Amino acid sequence: MALQTACEASQESRILPLLHPATRDQYAHGGRADHIPRRYAEMDGAELDRRISQAKAALGRRLLILGHHYQRDEIIKYADLRGDSFKLAQQAAARPEADYIVFCGVHFMAESADILSAPHQQVILPNPTAGCSMADMASIAEVEECWETLNEVLGEEAGLVPVTYINSAASLKAFCGEHGGIVCTSSNAFKVMEWAFSRGRRLLFFPDEHLGRNTGHAYGIPEEEMIVWNPKNPQEALDDEARLQRARLILWKGYCSTHMRFSVQQIAKARAEHPDITVIVHPECRREVVEAADLYGSTEYIIQQIEQAPAGSKWAVGTEINLVHRLAQEHPDKLIFCLDPIVCPCSTMYRIHPAYLAWVLEALVEGQVINQVKVAPEVAHWARVALDRMLALK
Ligand code: 13P
């Protein structure tokens with residue numbers, strides 16, 4: 001119930017009531033440069049729409065707005081290109097004519113865009129607090145400690161290759177670049193796994209345990225040859241020494257809160273109510289959920305499957321609600337619903353409110369770049385090596 005209330009509250013068009021109390025308090029003291037000015041927070045949807053459209057028109061081809069599929073409709077309608085993490089990373093690298101890339105997504109995506117774009121381009125994340133809780137589950141210090149420990153325990157035969165999901169900080173991508181590893185997204189994890197196993201005996205896969213396990217199963221790795229590394233308690237894996245020695249896939253204990261909400265019970269209910277339904281889920285879901293579904297794949301894959309399906313087909317979808325709602329609206333000839341009855345958006349994607357978009361775009365029109373995401377050059381160098389290895393895979 002509490003979740004429903006929070007979701008309902010987040011549907012409000014004005015942002016002020018949604019701000020963190022600490023941020024609201026700032027306003028009492030005149031506001032601070034790193035927080036959205038109060039006037040934007042007080043504008044209604046119609047005014048924000050007018051301002052965003054005007055600023056976008058004024059900036060013309062100098063501006064590229066990228067929108068991840070999980071963004072709300074009020075944002076996605078302004079995106080020049082929408083896509084999943086992989087497609088947006090490709091797009092960021094392919095549009096050098098734009099001076100400004102406004103990334104409507106989360107922080108790690110904006111970092112990747114900065115790394116992949118040309119030096120003259122500036123990447124802006126409208127709300128700098130739009131992070132990713134999964135990405136925060138692996139820090140560079142924890143990964144370095146894990147790497148050292150594993151190499152020590154496994155010795156000469158370790159043959160470890162690091163693989164990071166794109167949902168990770170740039171420093172982790174740089175770690176992979178520097179240590180012969182690679183980045184993956186949910187749409188190319190299988191190909192990346194093939195690449196990595198052609199270079200080593202074992203993979204250290206972070207930060208999503210579930211994408212790693214689901215891809216490992218597709219690759220043919222039995223569960224006994226996988227082990228979970230809990231950065232909060234590494235001893236658990238170290239105590240299970242026989243399994244650690246046998247492991248080909250070492251899975252970081254991290255997860256996506258949105259995709260963890262999906263369950264086998266929800267799938268059973270959907271099937272009981274609609275015997276001819278097709279269940280499709282994202283690979284960030286737990287193993288048993290992926291096994292119980294008919295199909296699984298990245299956001300882009302889910303969209304393609306539903307788009308290509310015949311009229312009258314029925315779909316129960318296990319991914320973020322903004323995307324599922326949009327699919328249902330765009331395909332009224334099909335039955336499309338979210339597996340989770342307590343529909344709640346990805347809370348960090350949801351932080352990109354139109355008020356933030358209006359704020360950063362109007363600042364650009366004035367020649368001011370705010371909320372820029374800039375990765376330090378030495379980190380960007382090695383992160384790019386790992387990203388380029390991924391982008392080069394056919
Ligand atoms: P994809 O965009 O790769 O489907 O992944 C979704 C996601 O994790 C967004 O944070």
Side-chain angles (χ1 to χ4, degrees), residues 66-72 75-76 79 81-92 103-113 116 125 127 129-138 163-170 172-173 182-193 205-215 218 252 254-262 280-286 289-290 293 295-307 317-324 326-327 338-340 344-352 373 387 390-391 393:
L66 298 178
H68 189 274
H69 290 304
Y70 295 171
Q71 291 289 304
R72 58 176 92 201
I75 292 290
I76 213 82
L81 295 161
R82 41 170 139 155
D84 65 357
S85 309
F86 181 67
K87 196 165 156 187
L88 294 177
Q90 280 180 319
Q91 291 301 337
F103 210 116
C104 296
V106 289
H107 192 263
F108 71 81
M109 297 180 182
E111 277 188 334
S112 299
L116 292 167
L125 181 65
N127 182 347
T129 71
C132 167
S133 56
M134 181 208 286
D136 293 343
M137 290 174 192
V163 178
T164 189
Y165 189 23
I166 197 161
N167 299 33
S168 57
L172 272 66
K173 296 181 177 84
I182 188 166
V183 176
C184 77
T185 74
S186 57
S187 62
N188 60 18
F190 187 88
K191 264 192 257 172
V192 166
M193 211 168 253
F205 190 100
F206 42 87
D208 188 15
E209 174 187 342
H210 306 286
L211 176 67
R213 174 174 291 113
N214 287 320
T215 313
W252 196 266
Y255 58 87
C256 163
S257 324
T258 301
H259 289 104
M260 288 297 271
R261 295 186 55 81
F262 301 112
I280 187 164
V281 301
H282 195 278
E284 288 174 12
C285 293
R286 271 181 278 250
V289 173
V290 167
L295 298 167
Y296 75 97
S298 72
T299 308
E300 208 64 39
Y301 174 84
I302 293 173
I303 295 170
Q304 271 171 19
Q305 292 302 308
I306 295 180
E307 273 175 0
V317 188
T319 194
E320 208 271 346
I321 190 61
N322 280 297
L323 172 60
V324 182
R326 197 169 306 122
L327 281 169
C338 183
L339 272 175
D340 184 1
C344 198
C346 165
S347 60
T348 51
M349 285 274 180
Y350 218 70
R351 290 187 183 170
I352 309 293
V373 173
L387 280 162
M390 171 187 85
L391 292 169
L393 292 181

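Atoms within each ligand, like the ligands themselves, are counted from 1 in listed order. It should be emphasised that the depicted structure is a prediction, and the values quoted were computed from it without experimental measurement.
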Q) What residues, two or more places apart in sequence or in another chain, satisfy side-chain contact (heavy atoms from CB on, under 4.5 Å) together with P207? A)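 Applying side-chain contact (heavy atoms from CB on, under 4.5 Å) to P207 gives M134, A138, T164, Y165, S168, W252.
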Q: Taking atom types as modelled, find out whether S298 and H282 have a side-chain donor-acceptor pair closer than 3.5 angstrom.
A: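 No pair is found: no donor N or O on one side chain lies under 3.5 Å from an acceptor on the other.
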Q | Under 3.5 Å side-chain donor-acceptor pair for S186 and Y301 | A |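 Per modelled atom types, S186 and Y301 side chains form no pair under 3.5 Å.
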Look at the side chain of [X] and the backbone N and O of [Y], then say whether any donor-acceptor pair between them is shorter than 3.5 Å.
| X | Y | result |
| --- | --- | --- |
| R351 | T129 | yes |
| N214 | C285 | yes |
| R326 | Q71 | yes |

What are the atom names and distances for all N or O pairs under 3.5 Å between ligand 1 and the protein?
residue  : atom   : partner : partner atom : Å
ligand 1 : 2 (O)  : H68     : NE2          : 2.7
ligand 1 : 2 (O)  : S85     : N            : 2.9
ligand 1 : 2 (O)  : S85     : OG           : 2.9
ligand 1 : 3 (O)  : S85     : OG           : 3.4
ligand 1 : 3 (O)  : S186    : OG           : 2.6
ligand 1 : 4 (O)  : S186    : OG           : 3.1
ligand 1 : 4 (O)  : H282    : NE2          : 2.9
ligand 1 : 4 (O)  : T299    : N            : 3.0
ligand 1 : 4 (O)  : T299    : OG1          : 2.3
ligand 1 : 5 (O)  : H282    : NE2          : 3.4
ligand 1 : 8 (O)  : N167    : ND2          : 2.9
ligand 1 : 8 (O)  : E284    : OE2          : 2.7
ligand 1 : 10 (O) : N167    : ND2          : 3.4

